[in-house]
2 protein chains.
Amino acid sequence: MTTDAFLADCRARLAFDLFSNTWNAVVLWALRDGPRRPVELRERIGGISSKVLTETLRRLQFNGLIDRHAHQGAGTRVEYELTPVGRSLLVPIDAVGAWAFAYGDQVMAAQEAACAHGRPSPTR
Amino acid sequence: MTTDAFLADCRARLAFDLFSNTWNAVVLWALRDGPRRPVELRERIGGISSKVLTETLRRLQFNGLIDRHAHQGAGTRVEYELTPVGRSLLVPIDAVGAWAFAYGDQVMAAQEAACAHGRPSPTR
DNA sequence: CGGAATCCAGAAAGATACTG
DNA sequence: CAGTATCTTTCTGGATTCCG
C-alpha cells in the first residue's frame with residue numbers, strides 16, 4: 001500500500017507526532033501486558049519522573065490511546081489501560097523495535113565513526 | 001520476536017530517539033525515491049526552513065542513515081541519498097504510516113471528543 | 001499513592017539575514 | 001543554491017514541593 005505523502009499536510013504526520021515524543025511510545029509499550037498503576041509504570045520504565053509520566057498519560061488519554069480507571073477504596077488506586085486503538089499502535093512500535101534490534105549496532109558504529117572523524121555530534 | 005524491554009536502558013530507545021524528532025522521519029521518507037537536492041526536499045516537504053533541514057540532514061548523516069554527495073560544476077549541486085541502513089528504516093516508518101492510514105480518523109475523533117468534554121489539549 | 005503546581009535548564013525549531 | 005550565523009520563542013523534561 002505504501003501510504004505515500006508523508007509530506008506537506010498529510011495525515012501520517014499525526015502518527016509521527018505521536019512518536020516525536022520521548023515517552024509516548026515507551027509508556028504505551030509498558031502498558032502492553034495489561035492495566036498498570038502509575039507506580040508500576042515508573043518501575044518498569046527507567047528514569048521517568050512522576051510529573052512527566054502524568055503528562056504523558058494525559059497526552060495518550062487525550063488521543064484516545066489509553067483509558068484511565070479510578071478504583072475507589074482506601075487510599076487511591078488508579079490504573080491505565082490501552083484502548084483498542086492504543087493496542088493497535090503496538091504493531092508499528094514493534095516494527096521500530098525490531099529495526100533497532102537488527103540495525104542498532106550499525107547506527108552506533110556510524111556515530112562512533114563520525115566522532116572519530118572529528119564531526120561534532122548533533123543532539124540526536 | 002517481540003523485542004521486549006523498551007524500558008530502562010534498552011537499545012530500542014536508540015530507534016525511538018531517531019523518531020522523537022519532528023523532521024527525521026519525514027526527511028527520510030522524502031528521500032525514499034532516490035537522491036534529492038536540498039531545494040527539492042524543501043519543496044516536497046512542507047514548512048521546513050533551510051536551517052532546520054540542514055540540521056536534520058546533518059543528524060541523519062551522523063547516524064549513518066544518509067550520504068551526502070557534492071557534485072562539482074557551475075554553482076553548487078549537492079545531493080543526499082539514503083544509505084542501506086537508512087533505507088531499511090523505511091520499513092518501520094511505513095508501518096507507522098500504515099497505522100495512521102488505518103486509525104488516524106479514530107485518533108482525531110478522540111481528540112475532538114476530549115475537547116468537547118472540556119479537557120484541555122496537551123501539547124501533543 | 002496519585003497528581004497538581006512551580007521553577008528551571010536545555011534543546012528544538014522558526015525567522016531573518018548573510019556568505020561563497 | 002547550499003549553508004551558516006544570530007536571535008527569539010516554544011517545548012520538553014527534570015527537580016521539588018505540597019495536597020487529598
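These numbers come from the heavy atoms of this one structure, side chains and all, not from hydrogens, waters or symmetry mates. The sequence lines fix the lettering, A, B, ..., with proteins before strands; numbering per chain opens at 1.
L53(A) has its CG atom 11 Å from the P atom of dG14(D), to the nearest Å. Look at CZ on R42(B): it is 9 Å from P on dC1(D), rounded to the nearest Å. Distance NE2 (H69(A)) to P (dG3(C)): 13 Å, rounded to an integer number of Å. Nucleotide dG2(C) holds its C1' atom 18 Å from the CZ atom of R36(A), rounded to whole Å. E40(B) places its CD atom 13 Å from the P atom of dG3(D), with the value rounded to the nearest Å. Atom CG of D17(A) and atom C1' of dT12(D) are 15 Å apart (whole Å). Between Q72(B) atom CD and dA2(D) atom C1' the separation is 12 Å, expressed in whole Å. Rounded to an integer number of Å, the gap from CD of E79(A) to P of dG3(C) is 12 Å.
Smallest separation of non-hydrogen atoms from T83(B) and G64(B): OG1-O, 2.7 Å. Shown here for N24(B) and L18(B), the closest heavy-atom pair between the two residues is ND2-O, 3.0 Å.
Residue L60(B) is grouped with residue M108(A) when hydrophobic side chains (ILVMFWY) are merged at heavy-atom distances under 4.5 angstrom, including chains of intermediate members. L82(B) and V91(B) are members of different hydrophobic clusters when ILVMFWY side chains are connected at heavy-atom separations under 4.5 Å.
Using a 4.0 Å heavy-atom distance criterion, R68(B) is classed as a sugar-phosphate-only contact. Note on R37(A): only backbone sugar-phosphate atoms sit closer than 4.0 angstrom, heavy atoms only; bases stay farther off.
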(message) side-chain contact (heavy atoms from CB on, under 4.5 Å), that's the test. Do T22(B) and V26(B) meet it? Break it down for me.
(response) CA-CA 8 Å; T22(B) 310; V26(B) 176; over 6 Å; no
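Here E55(B) does not pair with R59(B) in a salt bridge; the nearest charged N to carboxylate O distance is not below 4.0 Å.
Taken over five-pair windows at either terminus, the axes of the helix from dC1(C)-dG20(D) to dG20(C)-dC1(D) are inclined to one another by 30° (rounded to 10 degrees).
In this structure, F16(B) and F19(A) have parallel ring planes: the angle between them is below the 30° cut-off, well short of the 60° mark.
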(message) Does the protein touch nucleotides 13-20 of chain C at the base, only the backbone, or not at all? Give it as B, S and - per nucleotide, heavy atoms under 4.0 Å.
(response) BBB----B
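A donor-acceptor pair under 3.5 Å links the side-chain atoms of E40(A) to the main chain of R37(A), judged by distance alone.
In this structure, CG in L89(A) is found 11.5 Å from CZ in R32(A), a value given to the nearest 0.5 Å.
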